[in-house]
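Values in this document were obtained by computation on a predicted structure and should not be read as measured data. Numbers here are sequence positions counted from 1.
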Amino acid sequence: MLDVERLEEGLREQTAGFARAAGGGDPQAIVPTCPEWPLRVLVGHIGQAHRWTAELLRKGEPPLSVPDPWQAEPGAPETWEEWLRAGAEDLIGALRETGADKEMWTFLGPRPGVFWLRRMLADTAIHHYDVAATTGAAFGIAGDLAADVITEGMEMLVAPGAVQLKPELVELRGQGERLGLRPRSGDGWVLTRAPEGLRWEPGPVPADVDVVVSGAVADLMLVCSRRLPLDAGRVEVTGDRALMDHWLARMAF
């Protein structure tokens, strides 16, 4: 996991990128990768989620109500950037007040507070892509941040309690089949579908895994979040394509 300082920087980077991508967009434009939401709701969701998380961190437990993106009020489009940045700073400030190592409520059981900073960074990064796809803006993310978004997702897939939260993960149990994600530089990720559940490990992807997706780390992040189709021409799939399709259809939180 990245250190807290880099996670804070990453949240600022991705929130700023999200805000720039949203700027000038039509508030009622439908987000193609979140087809039930117009742009205004997506903007509201990010600012709302950051503030909700800040409140959770300060209280040590979740607020009584789950935030409804349709009820968020991001203001006029010309104020979106300031509003979004303020929400990210509120979250960062709350974590500094309470301490990154202090145990907090999470939907996977008690975890250090930094869990929420990392979760919001991942959510913001994926939705940064969504807003860029809506407005035609360029999307970008640093390689270390994209890699951590993938790792965070892998950790959630194998966490105790994950199956209760997402029952379809039971369908990803198997007989030892292995799937690999191989970035163009650095170590990758190997997921094993064992009878008792999923396992994963970082490191070089062995040649004998059942299926491998190779590409830029940012594109692998988008594949894992089901934003980038395997046939988009930006990643290469070798091995059992049906196995990879089955995994991707069930793994995203």
With F139, which residues qualify under ring pair (Phe, Tyr, Trp, His ring centres under 6.0 Å), at least two apart?
H128, Y129
Heavy-atom check, side chain of V43 versus side chain of F18, under 4.5 Å:
yes
Distance-only donor-acceptor pairs under 3.5 Å for side chains of residues 203-214, two or more places apart:
from : atom 1 : to   : atom 2 : distance (Å)
D208 : OD1    : R178 : NH2    : 2.6
D208 : OD2    : R178 : NH2    : 3.2
D210 : OD2    : R178 : N      : 2.7

Filter on salt bridge (charged side-chain N to carboxylate O under 4.0 Å, His left out), then keep only pairs touching residues 104-118, sequence neighbours left out; what's left?
R118-D148, R118-E155
On a heavy-atom basis, the closest approach of T79 and P74 is OG1-O, 3.7 Å
In plain terms, say whether R58 and D90 are close enough for a salt bridge, that is, a side-chain N and a carboxylate O under 4.0 Å apart.
yes
Residue set satisfying side-chain hydrogen bond (donor to acceptor under 3.5 Å, both in side chains) with E171, at least two apart, ordered chain then number -> R250
Is P183 close to L220 at the side-chain level, that is, under 4.5 Å between some pair of heavy atoms?
yes
Output all residues satisfying salt bridge (Lys or Arg N to Asp or Glu O under 4.0 Å) with D123, sequence neighbours left out; order by chain, then residue number.
none
If you compare all heavy atoms of Q175 against all heavy atoms of P195, which two are closest, and at what distance to 0.1 Å?
OE1-CG, 4.1 Å
Cluster check V190, L172: I/L/V/M/F/W/Y, side chain < 4.5 angstrom:
no
Can you list the residues that meet the salt bridge (Lys or Arg N to Asp or Glu O under 4.0 Å) rule with D231, with sequence neighbours excluded?
R241
Same cluster or not: are W83 and L11 linked, directly or through other Ile, Leu, Val, Met, Phe, Trp or Tyr residues, by side-chain heavy atoms under 4.5 angstrom apart?
no
Give, for atom CG of L198 and atom CH2 of W247, the distance between the pair rounded to the nearest 0.5 Å.
9.0 Å
Assess whether side-chain contact (heavy atoms from CB on, under 4.5 Å) is satisfied between D26 and L39, documenting all intermediate values.
CA-CA 7 Å; D26 177 359; L39 178 60; 5.7 Å; no
Among all residues two or more places apart in sequence or in another chain, which pass the side-chain hydrogen bond (donor to acceptor under 3.5 Å, both in side chains) test with E177?
none
Close side-chain approach of R119 to T106, heavy-atom, < 4.5 Å
no
With the threshold set at 4.0 Å, does a side-chain nitrogen-carboxylate oxygen contact exist between K166 and E168?
yes
Short question: side chain of Q14, backbone of G140 - any donor-acceptor pair under 3.5 Å?
yes
Tightest non-hydrogen contact, residues A162 and M156, listed as CB-O, 3.2 Å
If we ignore hydrogens and angles and just use 3.5 Å, is the side chain of Q28 paired with the main-chain N or O of P38 as donor and acceptor?
no
Under the 3.5 angstrom rule, does the side chain of W80 hit a backbone N or O of G75 as a donor-acceptor pair?
yes
Tell me every residue that passes salt bridge (Lys or Arg N to Asp or Glu O under 4.0 Å) with E89, counting only those two or more places apart in sequence or in another chain.
R12
So if you build clusters from Ile, Leu, Val, Met, Phe, Trp, Tyr with side-chain heavy-atom gaps below 4.5 Å, do L157 and V170 land together?
yes
Return the minimal non-hydrogen interatomic distance between L57 and G113, and the atom names on each side.
CD2-O, 3.8 Å
Name all residues meeting the side-chain hydrogen bond (donor to acceptor under 3.5 Å, both in side chains) criterion together with R51; count only those two or more places apart in sequence or in a different chain, and write none if there are none.
none
Count I, L, V, M, F, W, Y as connected when their side-chain heavy atoms are under 4.5 Å apart, and connections chain through other members. Are V235 and I126 then in the same cluster?
yes
As an exercise, state the distance from CZ of R234 to CG of L228, rounded to the nearest 0.5 Å.
5.0 Å
Pair listing, side-chain hydrogen bond (donor to acceptor under 3.5 Å, both in side chains) test, anchored in residues 189-203, at least two apart
T151-W189, R193-H246, E196-R199
Quick one: list whatever passes side-chain contact (heavy atoms from CB on, under 4.5 Å) with E9, sequence neighbours left out.
E5, R6, E13
Over all heavy atoms of both residues, which pair between L42 and V131 is shortest? Give the atoms and the distance, please.
CD2-N, 3.9 Å
Kindly indicate, with the supporting measurements, whether the criterion side-chain contact (heavy atoms from CB on, under 4.5 Å) is fulfilled by F115 and M104.
CA-CA 9 Å; F115 169 95; M104 298 284 175; over 6 Å; no
Determine whether L191 and M251 make a side-chain contact, defined as any pair of heavy atoms from C-beta on separated by less than 4.5 Å.
no
In one Ile/Leu/Val/Met/Phe/Trp/Tyr side-chain cluster, 4.5 Å: L121, I46
no
Considering non-hydrogen atoms only, spot the tightest contact between C224 and L181 and give its length.
SG-CD1, 3.4 Å
Filter on side-chain hydrogen bond (donor to acceptor under 3.5 Å, both in side chains), then keep only pairs touching residues 32-41, sequence neighbours left out; what's left?
T33-D130, R40-E73
Could you measure the distance from the CG atom of L108 to the CD atom of Q164? Nearest 0.5 Å is fine.
10.0 Å
State the CD1-CG distance between I141 and D219, to the nearest 0.5 angstrom.
11.5 Å
So L95 and T53, do their side chains get closer than 4.5 Å, heavy atoms only?
no
For the pair T135 (side chain) and A21 (backbone), establish whether a donor and an acceptor sit closer than 3.5 Å, ignoring hydrogens and angles.
yes
Do the side chains of T124 and H50 get nearer than 4.5 Å, heavy atoms only?
yes
Carefully, step by step, assess F107 and W116 under the rule ring pair (Phe, Tyr, Trp, His ring centres under 6.0 Å).
CA-CA 10 Å; F107 48 81; W116 284 108; 5.8 Å; yes
Short side-chain to backbone donor-acceptor contact, R226 and A249, under 3.5 Å:
yes
